[in-house]
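Working notes for the structure below.
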Number of protein chains: 2
Amino acid sequence: MPVLADHVFKALSDPTRRAIFEGLARHGEQTVHVLTRRAGISQPAVSKHLVILKRARLVGRRHVGRETHYSARPQALAPLVDWMAVYGVFWRDRFDQLENLLQRMD
Amino acid sequence: MPVLADHVFKALSDPTRRAIFEGLARHGEQTVHVLTRRAGISQPAVSKHLVILKRARLVGRRHVGRETHYSARPQALAPLVDWMAVYGVFWRDRFDQLENLLQRMD
DNA sequence: ACAACCAATAACCAATTGGCTATGGTTTCT
DNA sequence: AGAAACCATAGCCAATTGGTTATTGGTTGT
């Protein structure tokens, strides 16, 4: 039923969009101008990707004068986690590895 | 660099393919014939989806006479887990919920 | 006031995608 | 042997997608 996961899967199916999301997650809030420079495609193309990421709630925005600052919203990945928890029986197998990974992230 | 995640994201971006994978994960191994009946689309369309799922290693197959039995390979979701572990800072927040969910799955 | 900049939208285009029918290669059943 | 069943592939088509340039609405700087 959750049309939520649908939007998230669609949004992440494109490598350019993943790169945008990854950049925002790594380096924090960025303007469309900066995102465009780093993406290597036109500004309208970036804006269109941002619309799709926004529909999936993967990014949020904040208007500051004439510029728009976008930021990553990792909570939006929750539907994917839930989906995988249901259909990915493997989960338990990777549990320890994840725990280690989390500790390394601290 | 992992082109692995690319294939997996692409494969799961289509709801019909997700439904096929979910069916295999829930009900175990199934023939193309059965999958076709449950999918509500033509047999060649199902076969094409299976090719894409297979490229992502999300399904495996086993030939039995004239029929082919497909099965889900949830381990193929690992690249997604890894990707989310890196970019999803939220992870720690949902850790407890996941633990509960896993216990309910037992 | 006006020029320049930022970002979103519109209009268009080529490539990809998801569906179909037709066909062919095996295997099974009479 | 011949018919029927199962599945993969080929070829076709409409819809979607990811990109482009052109334009517009706001905001900032001179």
Side-chain angles (χ1 to χ4, degrees), chain A residues 3-24 27-73 76, chain B residues 3-24 27-73 76:
Chain A
V3 79
L4 299 150
D6 210 338
H7 287 322
V8 180
F9 272 121
K10 263 281 159 49
L12 295 179
S13 68
D14 181 73
T16 301
R17 276 193 297 270
R18 279 204 304 280
I20 291 175
F21 177 81
E22 290 166 8
L24 292 173
H27 308 109
E29 204 177 53
Q30 283 171 16
T31 66
V32 176
H33 183 71
V34 171
L35 287 172
T36 298
R37 182 155 37 76
R38 308 190 76 200
I41 55 179
S42 69
Q43 174 263 310
V46 171
S47 278
K48 273 169 54 170
H49 282 308
L50 288 170
V51 165
I52 295 174
L53 287 169
K54 192 150 195 320
R55 186 186 58 181
R57 310 281 189 245
L58 283 164
V59 299
R61 54 172 159 178
R62 185 173 70 91
H63 294 285
V64 179
R66 63 183 163 182
E67 53 194 15
T68 310
H69 297 249
Y70 279 86
S71 53
R73 296 188 61 255
Chain B
V3 78
L4 300 148
D6 210 338
H7 287 322
V8 180
F9 272 121
K10 262 282 158 47
L12 296 178
S13 67
D14 181 74
T16 301
R17 274 192 300 268
R18 279 204 304 281
I20 291 175
F21 177 81
E22 290 167 8
L24 291 173
H27 308 109
E29 204 176 53
Q30 283 171 15
T31 67
V32 175
H33 182 70
V34 171
L35 287 173
T36 297
R37 183 155 36 76
R38 309 190 76 200
I41 56 181
S42 70
Q43 174 264 310
V46 172
S47 278
K48 271 170 56 169
H49 282 308
L50 288 170
V51 166
I52 295 174
L53 288 169
K54 191 149 196 321
R55 187 186 57 180
R57 310 279 189 247
L58 282 164
V59 299
R61 53 172 159 177
R62 186 172 69 92
H63 294 284
V64 180
R66 64 182 164 182
E67 54 195 13
T68 310
H69 297 248
Y70 279 86
S71 53
R73 297 188 61 255

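It should be emphasised that the depicted structure is a prediction, and the values quoted were computed from it without experimental measurement.
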Whole angstrom value for the distance that separates P of C:dT27 from NE2 of B:H69: 14 Å

Distance in angstrom units between B:L12 CG and C:dT17 P, rounded: 15 Å

Residue B:I41, side-chain atoms from C-beta onward, closest of C:dT26, C:dG19, C:dA8: C:dG19

Given D:dA8, D:dG19, C:dG18, the nucleotide with the shortest approach to the side chain of B:D14: C:dG18

Taking every non-hydrogen atom, the tightest pair across A:L58 and A:A11: CD1-CB, 3.8 Å

Base C:dA8 paired with A:Q43 side chain (donor-acceptor, <3.5 Å): yes

Interatomic spacing from CG in B:L35 to CD in B:E29 - rounded to 0.5 Å: 10.5 Å

Proximal nucleotide (of D:dA8, C:dT9, D:dT17) relative to the A:P44 side chain: C:dT9

Interatomic distance where CZ belongs to B:F9 and P belongs to D:dT17 [whole Å]: 18 Å

Pair of N/O donor and acceptor under 3.5 Å linking D:dC7 base with B:R66 side chain: no

Touch class at under 4.0 angstrom, heavy-atom based, for B:T36 against every strand present: nothing

Side-chain N or O of A:Y70 closer than 4.0 Å to phosphate OP1/OP2 of C:dA8: yes

Protein-nucleotide distance (B:K10, atom NZ; C:dA15, atom P), rounded to Å: 16 Å

N/O (side chain, B:S42) to phosphate O (OP1/OP2, C:dG18) under 4.0 Å: no

Between CZ on residue A:R61 and NE2 on residue A:H69, distance to nearest 0.5 Å: 13.0 Å

Exercise: identify the closest heavy-atom pair between A:S42 and A:T36: C-CG2, 4.0 Å

Rounded distance [0.5 Å steps], CZ in A:R73 versus CG in A:L53: 12.0 Å

Sorted by number, the residues of residues 45-63 of chain B with heavy-atom contact under 4.0 Å to DNA chain D: B:S47, B:R61

Separation of D:dA5 P from B:R37 CZ (nearest whole Å): 14 Å

Atom pair distance, as rounded to whole Å: NE2 in A:H33 and P in D:dT27: 19 Å

A:T68 side chain, from C-beta outward: closest of D:dC7, C:dC5, C:dA7: C:dA7

Qualifying residues under side-chain hydrogen bond (donor to acceptor under 3.5 Å, both in side chains), relative to A:R66, sequence neighbours excluded: none

Distance, nearest 0.5 Å, that separates CG of B:L50 from CG of B:L24: 7.5 Å

